[in-house]
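Just so you know, these numbers use all the heavy atoms, side chains as well, and skip hydrogens, waters and symmetry mates. Sequence lines set the chain letters: A, B, ... in the order given, protein chains first and strands last, and positions in each chain run from 1.
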2 protein chains.
Amino acid sequence: MSAPLQEDPSPGNERSTRTGPGRFQDVVEAALTLFAERGYLGTSMKDIAGLLGLRAPSLYNHVDSKQELLREIMVRTMNELLNSHRAVIATSADVVEQLRRAMETHVIYHANNPRDVRIGNAEIQNLEEPVHGEILRMRDEYSASWQSIIERGVREGRFDSPSPRLSSFAMLEMGIGVSMWFRPGGPLTVAQLGYYYGDMALRLVNAAPAAVGRAGAAMAGVVIPAQVDVHRS
Amino acid sequence: MSAPLQEDPSPGNERSTRTGPGRFQDVVEAALTLFAERGYLGTSMKDIAGLLGLRAPSLYNHVDSKQELLREIMVRTMNELLNSHRAVIATSADVVEQLRRAMETHVIYHANNPRDVRIGNAEIQNLEEPVHGEILRMRDEYSASWQSIIERGVREGRFDSPSPRLSSFAMLEMGIGVSMWFRPGGPLTVAQLGYYYGDMALRLVNAAPAAVGRAGAAMAGVVIPAQVDVHRS
DNA sequence: CCTACCGATCGGTAGG
DNA sequence: CCTACCGATCGGTAGG
């Protein structure tokens, strides 16, 4: 997603030409849009080529197969999400702050990358092995990290949850939902969105600071981690 | 979903034979399983026929088109969800109780109908007009009802929410997620699941009764509405 | 980067 | 309920 537009100029890169509209990342970008809109099976190589002003067979100068495009999108997305998550929970030892920041990062990522996230959640069954299994393992790791944060908070007496597993599922899921309706330029900024959802996460485990105030409440002290970039195409 | 297995014997029903494995509802049932597993575009009429021990062309004695199967599933599912919701919020005038019961019903429906719900959320873009628009309108109505419950709770001073819209989205979404992981026969009953999620909904708007206790807490007073049937195939 | 083309599969129809 | 078959489209290759 955030890869530079110019291709790696090293001579070992034999998959892409150096110029023109058909470079690998451009094909991925077109696939990202179309897979998200119509689904993997609902998108043909002809469609992707059309978005780039090409004929379908020309894509195979840059891409091994349609499956490779799905693989690239899913692996990259899950890596970005996991890395952002790991980085942000390392910024505090306080479990309340960890949960709040994890939710902010989670929601901001989903708001900024709706196409990737939609594909990631809708097309798992169309991903072939071994990547299919790898993605499932990464999702498990992500989910397990959330659960362990909540479990630790309960152990430390900071959280109240009848089931850390259910609490973590609820938090993850409500954040994923953001990718389905959030549009930049609306009444809410991405940062505000993150703040509200961070607050909701704390409420879910009864760790919320008293009341949060009305919509538009000041957001002093909110830290948007640097790892989460806010651009989108 | 809950239609009786014997077909309507009225002579006006010209779409289905009265006996045999290929009646309309059986085809829908097979489509339900396969659409949920592989997606609408990933499922062929041959696949559906195979599950019924038939050849693909035989299906057209019972079904107009593949699209009709998707239409039937999506309309029926959304109608059931909306009707359950309307019925359950009519059982109490207290806004806290309405929200709790709405969440219980929402979650129980999603736990009991994972296939329908998965299709309903994944295949909207494969639904043709005018049904596509009708489904979107029903979803809007459902979502709006949740938001108005929260708005009223805030007005009455029972709820605290910086954004009823965001709160309702979060609640809806965390309930939908249940359909992705809940399996009957696990450590949790459907009724317990509904109770926990009802509790989480109240927490999200700071209306939770103090603390809820540990996992396995007593569930005295939980009302599972009769409209929500608990069978699944 | 293109045209021409491959075998496979699709939803659906004809006709019995 | 079947076999035989239709035109369309698919992902991908050959060859330049």
- Test applied, side chain to side chain donor-acceptor pair (under 3.5 Å); reference residue, Tyr40(A); option that passes from Lys66(A), Gln67(A), Gln125(A):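 So the option named by the test is Gln67(A).
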
- Query: Are any of the side-chain nitrogens in Arg23(B) or Glu29(B) under 4.0 Å away from the carboxylate oxygens of its partner?
  - Reply: no

- Query: Would you call Arg71(B) and Glu134(B) a salt bridge, taking side-chain N to carboxylate O under 4.0 Å as the test?
  - Reply: no

Whole angstrom value for the distance that separates [atom2] of [N] from [atom1] of [X]:
{"X": "Arg55(A)", "N": "dC1(C)", "atom1": "CZ", "atom2": "P", "answer": "13 Å"}
{"X": "Leu54(A)", "N": "dT3(C)", "atom1": "CG", "atom2": "C1'", "answer": "14 Å"}
{"X": "Asn61(B)", "N": "dT13(C)", "atom1": "CG", "atom2": "P", "answer": "12 Å"}
{"X": "Glu68(B)", "N": "dG12(C)", "atom1": "CD", "atom2": "C1'", "answer": "14 Å"}
{"X": "Leu59(A)", "N": "dC1(C)", "atom1": "CG", "atom2": "P", "answer": "9 Å"}

- Picking from dT3(D), dC1(C), dT13(C), the nucleotide nearest the side-chain atoms of Tyr60(B) would be dT13(C)

- Item | Contiguous pairing runs of three or more, Watson-Crick or G-U under 3.5 Å, that involve DNA chain D | C:1-16 with D:1-16

- Message: Run Asn79(B) and Arg76(B) through side chain to side chain donor-acceptor pair (under 3.5 Å) and show every step you take.
- Response: CA-CA 5 Å; Asn79(B) 270 326; Arg76(B) 190 184 58 189; over 6 Å; no

- Query: side chain to side chain donor-acceptor pair (under 3.5 Å) between Asn61(B) and Ser58(B): does it pass, once the steps are laid out?
  - Reply: CA-CA 6 Å; Asn61(B) 292 311; Ser58(B) 303; 5.0 Å; no

- Query: Under a 4.5 Å cut-off applied to non-hydrogen side-chain atoms, are Met74(A) and Val131(A) in contact?
  - Reply: no

- Under 4.5 Å between any side-chain heavy atoms of Val75(B) and Ile135(B), yes or no? yes

- According to the interplanar angle, ranging from 0 to 90°, do the rings of Trp146(B) and His85(B) count as parallel (below 30°), tilted (30 to 60°) or perpendicular (above 60°)? parallel

- For every nucleotide of nucleotides 5-10 of chain C, 5' to 3': is a protein heavy atom under 4.0 Å from its base (B), only from its sugar-phosphate (S), or from neither (-)? -----S

